[in-house]
Amino acid sequence: MRKEIFSKKIMDWYQANHRNLPWRKTTEPYKIWLSEIILQQTRVAQGLPYYERFVGAFPDVLDLAKAPVQKVLRLWQGLGYYTRARNLHRCAKLVVRDFEGHFPNSFEGLKKLPGIGPYTAAAIASIAFREPVGVVDGNVFRVLARIFGIDKDIASDAGKKYFFSLANELLDEAHPDIFNQAVMEFGALHCLPKNPKCDGCTFSKQCEANQKDLQSLLPVKHKKLKIRTRYFYYFIVRDKNKMLLKQRNGKDIWQGLYDFYLIETSRRKKTAEVVKTDAILTKASILKESRVFRHLLSHQKLLVKFVELKLHSTKEMNLLARRSELKKFTKPEISNLPKPILIDRYLKANP
DNA sequence: GATACGTGGTC
DNA sequence: TGACCAAGTAT
């Protein structure tokens, strides 16, 4: 699609469909900046009341700079990402001190300020100063990836560069403010992440994703596998020639396999702390405890400690067994059970 | 490049 | 219901 066609269509759509938002009624850099910081990773509906309150409390950058940071944080309360509020305040003070209350009027100048990255610098430069620089946010990634059928990974540096360069090629240099907001608004209202409104879309014929039915596959975002860290405390409870085991069920790892009595905590704790959380265990005496075993799964890191306990009576053991759905096994029986590899390692080291 | 940072909405 | 996502930035 020719650049002129794209920009005309998207800006026509914008003129007909855009929301009336307070920061669209001004070109004051202060208010554009304020709105952009508030809207970082934040929906309009959530940020709007905060914007109104900030403008009411701090009509210009000097008011904001003069305020104590606590007052800024108080107004920000509930919005999240609180570093934004601290940087907002830092930035206001810096603008007053170094620039006599005037924001730098260029993309490069703006990007140096705290809390202003490539997206926000481009947004302020284009909207407040009409500098022809393209914005690239989550909406722009999605809209361009779909319409132009781009399958580059938006999480990679190369992908980001590609989209930034494409956005700048397409940009209507005579109306960078309208163009940029048009692409974002189109992504926010029409070309939605799920169930985009392709029926009757102004780009239905030109859109690669619509033509090839790739809407749900674009944009491509390589999701980084995040590895969860879990803390396992295994208690080895023996009584005469029997020991307690439990068959694992549910949706967790090692389904159907057997392991020892397990207490899982959200963070690393001392064994004594963990024992205290259990009425029966706390009365037992600790025979010995192992080092922390590190066990890696594809998407989990287990930090496991084994603790051998001596209960004072068979009665206590039975109580514990019943409450925790543990079962008693003798040693020969255990060797025939399917058990997690970690347990196997421990048993071999401690026969 | 990966990760932390918050809250609220969506399917 | 547990991801996934939302006008990203700083480290």
J.: In whole Å, what is the span from the CZ atom of A:R86 to the P atom of B:dC5?
T.: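 Nearest whole value for this atom pair: 12 Å.
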J.: May I have the distance from A:L88 (atom CG) to C:dT9 (atom P), rounded to whole angstrom?
T.: 14 Å
J.: Can you confirm whether or not the ring centre of A:H190 sits under 6.0 Å from the ring centre of A:F186?
T.: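 Ring-ring flag for A:H190/A:F186: true, centres closer than 6.0 Å.
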J.: Please pick, from B:dG1, C:dA7, C:dA6, the nucleotide with the shortest atom-to-atom distance to any side-chain atom of A:V44.
T.: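 Selected nucleotide: C:dA7.
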J.: Near DNA chain C, under 4.0 Å by heavy atom, which residues of residues 137-144 of chain A?
T.: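 Residues of residues 137-144 of chain A under 4.0 Å from DNA chain C: A:D137, A:G138, A:N139, A:R142.
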J.: Could you state the atom-to-atom distance from CD1 of A:I38 to P of B:dG6 in whole Å?
T.: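 For the pair A:I38 CD1 and B:dG6 P, the rounded distance is 16 Å.
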J.: Just how far, in rounded Å, is C1' of B:dA2 from CG of A:D157?
T.: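 That distance rounds to 11 Å.
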J.: Looking only at heavy atoms, what is the nearest atom pair of A:Q40 and A:G115, with distance?
T.: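 Here A:Q40 and A:G115 meet closest at NE2-O, 3.3 Å.
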J.: Which part of the nucleic acid, if any, lies within contact of A:W23, taking any heavy atom under 4.0 Å across all strands shown: a base, the sugar-phosphate backbone alone, or nothing?
T.: base
J.: Nearest nucleotide by nearest heavy atom, which residue falls closer to the 5' end of DNA chain C, A:I116 or A:R19?
T.: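 By nearest-heavy-atom nucleotide position, the 5'-most residue is A:R19.
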J.: Looking at A:Y82, does any N or O in its side chain come under 4.0 Å of the phosphate oxygens OP1/OP2 on B:dT7?
T.: yes
J.: When the distance from CG of A:L192 to P of C:dC4 is rounded to whole Å, what number comes out?
T.: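 Rounded to whole Å, this separation is 19 Å.
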J.: What about the rings of A:W76 and A:Y81, do their centers lie closer together than 6.0 Å?
T.: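 Centroid distance A:W76-A:Y81: not below 6.0 Å, so no.
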J.: Who pairs with A:D151 by salt bridge (charged side-chain N to carboxylate O under 4.0 Å, His left out), at least two apart in sequence or on another chain?
T.: none
J.: Base, sugar-phosphate alone, or nothing: which one does A:A188 contact when heavy atoms must sit under 4.0 Å apart?
T.: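 Result for A:A188 = sugar-phosphate.
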J.: When you get a sec, tell me which of C:dT9, B:dC5, C:dC5 is the closest nucleotide to the side chain of A:Y119?
T.: C:dT9
J.: Among all residues two or more places apart in sequence or in another chain, which pass the ring pair (Phe, Tyr, Trp, His ring centres under 6.0 Å) test with A:Y14?
T.: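 A:Y14 satisfies ring pair (Phe, Tyr, Trp, His ring centres under 6.0 Å) with A:H18 once adjacent residues are dropped.
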J.: Could you tell me if A:R53 sits above the aromatic ring of A:Y50, with its cationic atom closer than 6.0 Å to the ring centre and no more than 45 degrees from the axis?
T.: yes
J.: Starting at the 5' end of DNA chain B and moving along, which residue's nearest nucleotide shows up first, A:T42 or A:A158?
T.: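 It is A:A158 whose nearest nucleotide is closer to the 5' end.
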J.: Please confirm whether the shortest side-chain N or O distance from A:Q41 to OP1 or OP2 of C:dA6 is below 4.0 Å.
T.: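 Answer is no, no contact under 4.0 Å.
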J.: Once you round it to whole Å, what is the distance between P of C:dT9 and CG of A:L110?
T.: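 Roughly 12 Å, once rounded to whole Å.
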J.: Kindly write out the residues that satisfy salt bridge (charged side-chain N to carboxylate O under 4.0 Å, His left out) with A:E100, not counting sequence neighbours, or none if the list is empty.
T.: none
J.: Quick check: A:Y233 with A:F306 (ring centres under 6.0 Å apart)?
T.: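 Aromatic pair excluded; centres sit 6.0 Å or further apart.
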J.: Scan nucleotides 8-11 of chain B against the protein and return all N/O pairs shorter than 3.5 Å with their distances rounded to 0.1 Å.
T.:
| from | atom 1 | to | atom 2 | distance (Å) |
| --- | --- | --- | --- | --- |
| B:dG8 | N2 | A:R43 | NH2 | 3.4 |

J.: Provide the full list of ring pair (Phe, Tyr, Trp, His ring centres under 6.0 Å) pairs with a residue in residues 88-124 of chain A, sequence neighbours left out, each pair given once.
T.: A:W33-A:F103
J.: Let me spell it out: for each of A:S35 and A:R90, pick the nucleotide of DNA chain C with the closest heavy atom. Which residue's pick is nearer the 5' end?
T.: A:S35
